Visitor: 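Please read through the structure below; I'll follow up with questions.
Here is how names work: the chains are called A, B, and so on, in the same order as the sequence lines, proteins then strands, and each is numbered from 1. Worth knowing before you read on, the calculation uses all heavy atoms, side chains too, and leaves out hydrogens, waters and symmetry mates. None of the values given here were measured: they were computed from a predicted structure.
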Amino acid sequence: MPKQVGPPDGQPDPERHIMAMQKQTLLERRYSMLGLLLIAPTVLVFCAVIVYPLISAIYLSLFKIFTPTLEGTWVGLDNYRELLTKGEFWTSLRTNLIWTVGTLSLQIIFGVGMALVLHQNIWFRSLARSLILFPYFISTVVAVLVWKWLFNDLYGILNHFMMSAGLIEFPIDYLGTMPNAMISVILVGAWKYFPFVVIAVLARLQSIPDQLYEAARIDGAGPIARFFDVTLPQLREVLVVIILLRAIWDFKEFDLIFLLTGGGPVTSTQTLPLVVYKEAFSLNQMGMAAAYAVIMMLIMLVFMLLYMRRTRTEGS
Amino acid sequence: MVRKIAFNLFAWSIVLVVAFPLFWMLVTSVKPQFELFRRPPTVLPETWTFEHYWKLLSETNFLGYFWNSVILSTTTTIVVVAIATLGSYSLVRFRYRGRESLAFLVLFTYLLPSVVLILPLYLMLVQLGLSNTITSLVIAYTTFALPYALWLLRSFMAGIPEDLESAALVDGASRLGAFWDVILPQLLPGIISTALFTFILSWNEYLYALVLVNSDEARPLTTGVMNMLISSFNIEWSLLMAASVMMSVPLIVVFAFLQSYLTRGFGAGGVKG
């Protein structure tokens, strides 16, 4: 503090110095007021449409609520007890994990492969990139309609291709039987979401310095050795982030599965988000649905926290 | 040289396989109904027809849904981007208590599944008497669009050098003046790319529209077109494919003219964090 030290001769007198300091803190305080003012709309909206609903979702899960009348009775933790002892929760969780792991691994494999291909100097590269990117941006509704038409058992082109290639003798029911339905859903999911991996990996590939490849080439490494020794270690960081992010998004996917199979045949492709919807709006058990949603969020929390820690360490 | 050609053919055959469903959607939409059932199927239509598009526009409520979607997505985008621009400026460039935890909350909600929020939101909007309105959907869409836009704009904002703002302040500009004259022009590409993503996100949303809106007056394209599939007695695939094409028109426009903004948003968003 200037007062304790005391100004040497020739310096501005302490009065003015203190005034400057006060002006400084005043300005700082005005700045943080302005900062708060600018963030106020965000905070208001967040509280109204996210924080409050989030808390009331937890609160709702402690009631038994009939959806059409919205009348509820307090049941405490009964919903959770019932849910955890019911087979449906565990089978849906299993289905959810199969879907997530299946579609995610295909997305990563195809995504990285495609990124490596598009990183090369192929003809009309930007056109190829746009075509690859497109499935990611179209609406899930469009994707589902198109695939339902491709999958159509009588007039679908897919059955025609498979039959003329001699792979199958009779038309296949892609969505109505198991395990076909699960495989189809996983494949369509991979088709729709692998472009995300392509773009992310491609951006990283472009930032790998050429010297690394030169050095590996001088050391006599072939293309495959170069991939494992240079490319893959460089991609590791970004792949971890992509896998976490896609795992979170695939785990909570609703539209694609709901529209393609509706969870069917019977409940073979019914993942947790679909159970939440079913409990709330078909079985009219709003409280039970909230319990399912909360449990689902708790499971996802692991991945969410991992991802958040990751971005935090990266940021600092 | 031979290797190069072989590699190109290999690469393009994969690209074409990935793009095939979209090609098939286009082809089906311009084939007459009877040609769909031809065995073996014709790859290119023998007779081109736009009757399905005409039927879609004149006999179904497609245009109504389309209009609803335009209003809904535009409103959501404007509201969300305006709030998020101010919010991200504050989060990146100001110091105050609770700033860090707020950034944490933004990221948390960015990852939050919408099925958790949809039940209380449904109850809330029914109680407010807003169910079956476009307003209710705008409110619901902010729950995923605002965290998304904030997160994206935050990283764009962090990329603007702080010196630029300091220089303006030294020259006597007020903080808001510097924001308007220095930050906003620098941020513009980021704002455009965030707006595009927000628009696409709202345009494609399905779950909230399914739960919150149950009347044709407010129904957007996603649930509207799906309804056409469910309610029709025998499914007219050409009509549905025509609807799918029309529904993707805004995306095609964005792709044709503004693709660089999309790739930029990709880099700034979820991946880099």
Visitor: Answer whether the closest heavy-atom distance between the side chains of A/F124 and B/V15 falls below 4.5 Å.
Guide: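 Result no, sub-4.5 Å side-chain heavy-atom pair not found.
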Visitor: Please flag which part of A/F254 lies under 4.5 Å from any non-hydrogen atom of chain B: side chain, backbone, both or neither.
Guide: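 Answer is side chain: those atoms of A/F254 sit under 4.5 Å from chain B.
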Visitor: Select, from B/L221, B/T142, B/L123, B/V126, the one with the greatest count of heavy-atom pairs under 4.5 Å involving chain A.
Guide: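 Among B/L221, B/T142, B/L123, B/V126, the one with the most close pairs to chain A is B/L123.
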Visitor: At a heavy-atom separation under 4.5 Å, does B/L196 approach chain A through its side chain, its backbone, both, or neither?
Guide: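 Neither; nothing under 4.5 Å.
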Visitor: Assess whether atom OH of A/Y59 is packed by more than 12 heavy atoms of other residues, nucleotides or ligands within 6.0 Å.
Guide: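 No.
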Visitor: Is any side-chain heavy atom of B/L117 closer than 4.5 Å to a side-chain heavy atom of A/Y52?
Guide: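 No - every pair of side-chain heavy atoms lies 4.5 Å or more apart.
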Visitor: Can you confirm whether A/F303 is buried at CZ, in the sense that more than 12 heavy atoms of other residues, nucleotides or ligands lie under 6.0 Å from that atom?
Guide: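 Open: at most 12 neighbouring heavy atoms sit under 6.0 Å from CZ of A/F303.
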Visitor: As an exercise: rank A/I39, A/L150, A/I132 by heavy-atom pairs under 4.5 Å with chain B and give me the winner.
Guide: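 Maximum pair count with chain B is reached by A/I39.
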Visitor: Counting heavy-atom pairs closer than 4.5 Å to chain A, which one of B/S114, B/A19, B/P147, B/A140 comes out on top?
Guide: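 Max contact count across the listed options: B/P147.
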Visitor: Report yes if the side chains of A/F194 and B/V18 come closer than 4.5 Å at any heavy-atom pair, otherwise no.
Guide: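 SC-SC contact between A/F194 and B/V18 confirmed.
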Visitor: Can you tell me how far apart CG (A/L38) and OH (B/Y96) are? Round to the nearest 0.5 Å.
Guide: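 Answer rounded to 0.5 Å: 8.0 Å.
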Visitor: Between CG of B/L111 and CD1 of A/I248, what distance do you get to the nearest 0.5 Å?
Guide: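 Going from CG on B/L111 over to CD1 on A/I248, the span is 4.5 Å.
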Visitor: Does the B/N204 side chain pair with the main chain of A/T140, one donor and one acceptor, at a distance under 3.5 Å?
Guide: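 Answer holds: no.
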Visitor: Taking C-beta and beyond as the side chain, do A/L256 and B/Y206 meet within less than 4.5 Å on heavy atoms?
Guide: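 Result no, sub-4.5 Å side-chain heavy-atom pair not found.
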Visitor: Side chain of B/N8, backbone of A/W123: donor and acceptor closer than 3.5 Å?
Guide: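 Answer holds: yes.
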Visitor: Do you know which of B/I200, B/V211, B/L16 has the most heavy-atom pairs under 4.5 Å to chain A?
Guide: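 The answer is B/V211.
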Visitor: Would you please test B/M25 and A/V142 for side-chain contact (heavy atoms from CB on, under 4.5 Å) and show each step?
Guide: CA-CA 9 Å; B/M25 159 175 97; A/V142 171; 3.8 Å; yes
Visitor: Going by the angle between their ring planes, with limits at 30° and 60°, are B/W237 and A/W149 parallel, tilted or perpendicular?
Guide: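 Geometry flag for A/W149 against B/W237: parallel rings.
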Visitor: Does B/L210 reach the side chain of A/Y277, with side-chain heavy atoms less than 4.5 Å apart?
Guide: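 The answer is yes, as the side chains (C-beta and beyond) meet within the 4.5 Å cut-off.
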Visitor: Can you check whether B/L102 reaches A/V43 side chain to side chain, under 4.5 Å on heavy atoms?
Guide: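 B/L102 reaches A/V43 side chain to side chain.
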Visitor: Hey, are the side chains of A/F281 and B/L119 touching, using non-hydrogen atoms and a 4.5 Å cut-off?
Guide: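 Sidechains of B/L119 and A/F281: in contact.
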Visitor: Below 4.5 Å from any heavy atom of chain B, which atoms of A/M286 appear? Answer side chain, backbone, both or neither.
Guide: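 Both backbone and side chain.
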Visitor: CG/A/L131 to CG/B/L22 distance, rounded to the nearest 0.5 angstrom?
Guide: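 Here the rounded value is 8.0 Å.
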Visitor: For A/L145, which atoms come within 4.5 Å of any heavy atom of chain B: side chain, backbone, both, or neither?
Guide: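 Both backbone and side chain.
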Visitor: So which of B/V80, B/I83, B/I139 actually passes side-chain contact (heavy atoms from CB on, under 4.5 Å) with A/V45?
Guide: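 So, applying the side-chain contact (heavy atoms from CB on, under 4.5 Å) to A/V45 and each of B/V80, B/I83, B/I139, only B/I83 qualifies.
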Visitor: Which answer fits A/A143, side chain, backbone, both or neither, if we ask what part of it has an atom under 4.5 Å from a heavy atom of chain B?
Guide: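 For A/A143, there is no contact with chain B at all, as no heavy atom is under 4.5 Å.
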Visitor: Is chain A contacted by the side chain of B/Y89, its backbone, both, or neither, given a heavy-atom distance below 4.5 Å?
Guide: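 Answer is side chain: those atoms of B/Y89 sit under 4.5 Å from chain A.
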Visitor: At a 4.5 Å cut-off on heavy atoms, which part of A/F251 comes close to chain B: side chain, backbone, both, or neither?
Guide: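 For A/F251, neither part sits under 4.5 Å from chain B.
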Visitor: Counting only heavy atoms closer than 4.5 Å, note whether B/V116 contacts chain A via side chain, backbone, both or neither.
Guide: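 Interface part for B/V116: both.
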Visitor: How long is the straight-line distance from CG of B/L36 back to OH of A/Y155, given to the nearest 0.5 Å?
Guide: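 These two atoms lie 10.0 Å from each other.
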Visitor: Less than 4.5 Å apart, side chain to side chain, heavy atoms only: is that true for B/R95 and A/S32?
Guide: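 Contact flag for B/R95/A/S32 side chains = no.
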Visitor: Examine whether an atom of A/F110 lies under 4.5 Å from a heavy atom of chain B, and if so say whether it belongs to the side chain, the backbone or both; otherwise answer neither.
Guide: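 Contact with chain B involves no heavy atom of A/F110 at all.
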Visitor: Between B/W12, B/F179, B/F7, B/F108, who has the most heavy-atom pairs with chain A when the cutoff is under 4.5 Å?
Guide: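 Option with the top pair count is B/W12.
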Visitor: Taking the side chain from A/K252 and the backbone from B/L112, do they hold a donor-acceptor pair closer than 3.5 Å?
Guide: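 Flag set: sc A/K252 to bb B/L112 pair under 3.5 Å.
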Visitor: Give, as side chain, backbone, both or neither, the part of A/M114 having an atom under 4.5 angstrom from any heavy atom of chain B.
Guide: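 Just the side chain, heavy atoms under 4.5 Å.
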Visitor: Could you state the interatomic distance from CG (A/L36) to OG (B/S90), rounded to the nearest 0.5 Å?
Guide: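 If we round to the nearest 0.5 Å, A/L36:CG and B/S90:OG are 6.5 Å apart.
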Visitor: Given heavy-atom pairs under 4.5 angstrom as the criterion, report whether the side chain, backbone, both or neither of B/T109 touches chain A.
Guide: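 Only the side chain of B/T109 comes within 4.5 Å of chain A.
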Visitor: Let me know if B/L150 has heavy atoms under 4.5 Å from chain A in its side chain, its backbone, both or neither.
Guide: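 When you check distances to chain A, only side chain atoms of B/L150 fall under 4.5 Å.
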